[in-house]
Amino acid sequence: MGYFVFKINIQPDILLNYRKSNEVKYLLFEMIPLAFQNVLQVKESNGLYELIPDKTDEQTFQKLFIDLEEKTVELFEFHKQVLLQYKKNHDIHYSKDFLDLNETCMNKRRSLEKKYPGIMKAFELISDEEVDIYANIESDSKVGTGITHLRKFYKIKLYLEKHRQDNVINSLDLIAYYNPHTEHVLVKSSSKTAAQNYITALVELVNGSRSANKHIGKININPIYESISLDGEYTEISYTIVYPNGNPPLDRYNILKNAEAKEADYKLIGADGRPLKKEPIQEMLENEAKQGYLKSLTAKGKNIYKKIKTLRQIDETS
């Protein structure tokens, strides 16, 4: 078990205000810890700030999930009846009870997703085809109402069954520190996914708090990557770079700085469908990734291997 390393990034308007008054150190050492203190407990230890969340009651999640599951099962039966009726006479009729229940289910699921954002990983890992087999969902493009919720709910259920180690319910129940010397958040875990879920929950917590936003605005926290590997051929690569907290002498940051934009999206497409030259792309992306400015990276039809930096021991230089 080690510490996964992430970088906290502040939006440009907030950062520029502190820079103009020559108070960046005050931002890093006083205001960011104060913002964290608005949403969880903070304890200073050896130059670092330990982030101590309130304990999540898993029974609360189970109660909410069971309630949603009961309503979803009822919605599922409604949907089967509508589909059966359509097969018989090509008539589609959604009763008011069905429509009201569908709305209730979606609202309850969204509320659950907001409170436990880690469960939304299910939508990335589980396909419609897989969940249709798992839950025996029969669909028809003509009978679309209700199918979105059914698939999303059962993706969450299947994900929770298959990936218990990801710690999505008690996402913040890990040891973590904020290091004002490096602007890093250090998350202790044996699981990369659990560490990423911790960061997702932490960002959601801070950005959802007006008290925290008053001090530092809304934040994003990105991984510090040790390496990025582009194996195979790529015809299209998309990535997002965030506004830099530091002062890198890179021309591509001029538009971010001058426009005071929080991030920029890029898409590289090979000429006439030919593969892109990987070497300059990998060099540039690794430079961004090692500084914590690479927010997202995807490639069409291919996986990109990304290794998050980990440390066995931590101190003020971590």
What residues, two or more places apart in sequence or in another chain, satisfy side chain to side chain donor-acceptor pair (under 3.5 Å) together with Asn197?
none

Would you say CG of Asn136 has more than 12 non-hydrogen atoms from neighbouring residues, nucleotides or ligands within 6.0 angstrom?
no

Is there a side-chain contact between Leu51 and Leu202 (heavy atoms, below 4.5 Å)?
yes

Do Leu158 and Leu125 belong together in a cluster built from hydrophobic side chains that touch within less than 4.5 Å?
yes

Charged N to carboxylate O below 4.0 Å: is that the case for Asp67 and Lys108?
yes

Any side-chain heavy atom of Val185 within less than 4.5 Å of one from Ile199?
yes

Is there side-chain contact between Asn179 and Thr182, with heavy atoms separated by less than 4.5 Å?
yes

Does Val5 reach the side chain of Ser318, with side-chain heavy atoms less than 4.5 Å apart?
no

Strictly below 4.0 Å, N to O, side chains only: are Glu226 and Lys309 in salt-bridge contact?
no

Tell me, which pairs form a ring-ring contact (aromatic ring centres under 6.0 Å, His included) where one or both residues lie in residues 183-208, sequence neighbours left out?
none

Does anything in residues 75-84 form a salt bridge (Lys or Arg N to Asp or Glu O under 4.0 Å)? List the pairs, not counting sequence neighbours.
Glu77-Lys80

Sorted by chain and number, sequence neighbours left out, salt bridge (charged side-chain N to carboxylate O under 4.0 Å, His left out) with Arg312 holds for none

So do Ile92 and Gln85 actually touch side chain to side chain, heavy atoms under 4.5 Å?
no

Among Ile119, Ile156, Thr200, which residue satisfies the side-chain contact (heavy atoms from CB on, under 4.5 Å) criterion with Val168?
Ile119

Could I get the full list of side-chain contact (heavy atoms from CB on, under 4.5 Å) partners for Ser296, not counting sequence neighbours?
Thr240

For residues 198-225, pull every pair meeting salt bridge (Lys or Arg N to Asp or Glu O under 4.0 Å), keeping only residues two or more places apart or in separate chains.
none

Provide the closest heavy-atom pair for Leu294 versus Leu285 in the form atom of the first, atom of the second, distance.
CD1-CD2, 4.2 Å

So which heavy atom on Leu230 is nearest to which on Gln282, and how close?
N-OE1, 3.3 Å

Pairs meeting criterion ring-ring contact (aromatic ring centres under 6.0 Å, His included) with involvement of residues 8-32, two or more places apart:
Phe29-His181

Applying salt bridge (charged side-chain N to carboxylate O under 4.0 Å, His left out) to Asp128 and not counting sequence neighbours gives Arg151, Lys155

Val24 and Ile8: same hydrophobic cluster, using ILVMFWY side-chain contacts below 4.5 Å?
yes

Donor-acceptor pair between Asn220 and Asn222 side chains, under 3.5 angstrom
yes

Would you call Lys63-Glu58 a salt bridge at under 4.0 Å N-O?
no

Asp91, CG atom: more than 12 neighbouring heavy atoms under 6.0 Å:
yes

With heavy-atom distances below 4.5 Å as the criterion, would you say the side chains of Phe4 and Leu186 are in contact?
no

Lys115: partners by salt bridge (charged side-chain N to carboxylate O under 4.0 Å, His left out), with sequence neighbours left out:
none

Taking Phe123 as the starting point, is it possible to reach Met106 by hopping between hydrophobic residues whose side chains are less than 4.5 Å apart?
no

Any luck finding a side-chain donor-acceptor pair between Ser95 and Asp97 under 3.5 Å?
no

Following the transitive rule for hydrophobic clusters with a side-chain heavy-atom cut-off under 4.5 Å over Ile, Leu, Val, Met, Phe, Trp and Tyr, establish whether Val82 and Leu101 coincide in one cluster.
yes

Please examine the side chains of Val206 and Phe36, heavy atoms only from C-beta on, and report whether any two atoms are closer than 4.5 Å.
yes

Could you check if a side-chain atom of Ser227 sits within less than 4.5 angstrom of a side-chain atom of Glu286, using non-hydrogen atoms only?
yes

Under 30°, 30 to 60°, or over 60°: which ring-plane class applies to Phe98 and Phe78, parallel, tilted or perpendicular?
perpendicular

Under a plain distance cut-off of 3.5 Å, with no hydrogens placed, do Thr72 and His149 share a side-chain donor-acceptor pair?
yes

Please work out whether the ring planes of Tyr86 and His90 are parallel, tilted or perpendicular, with thresholds of 30° and 60°.
perpendicular

Lys121 charged N/C atom sitting above Tyr159 aromatic ring, 6.0 Å / 45°
no

Glu161 and Tyr134 side chains, donor-acceptor separation under 3.5 Å:
yes

Gln291 and Lys7: side chain to side chain contact (heavy atoms under 4.5 Å, CB included), yes or no, with the steps?
CA-CA 8 Å; Gln291 298 179 81; Lys7 167 76 162 56; over 6 Å; no

What pairs meet the side-chain hydrogen bond (donor to acceptor under 3.5 Å, both in side chains) rule with one or both residues in residues 39-49, with sequence neighbours excluded?
none

Correct closest heavy-atom pair for Ala194 and Asn167 would be CB-CB, 4.1 Å

Test side-chain contact (heavy atoms from CB on, under 4.5 Å) applied to Ser209 - qualifying residues, sequence neighbours left out:
Asn38, Val39, Ser211, Ala212

Residues at least two apart in sequence or cross-chain that pass salt bridge (charged side-chain N to carboxylate O under 4.0 Å, His left out) with Asp265, listed by chain then number, are none

Thinking salt bridges, do Arg274 and Asp272 make one under a 4.0 Å N-O criterion?
yes

Is Ile308 linked to Ile221 within one hydrophobic cluster, defined over Ile, Leu, Val, Met, Phe, Trp and Tyr using a side-chain heavy-atom separation of less than 4.5 Å?
yes

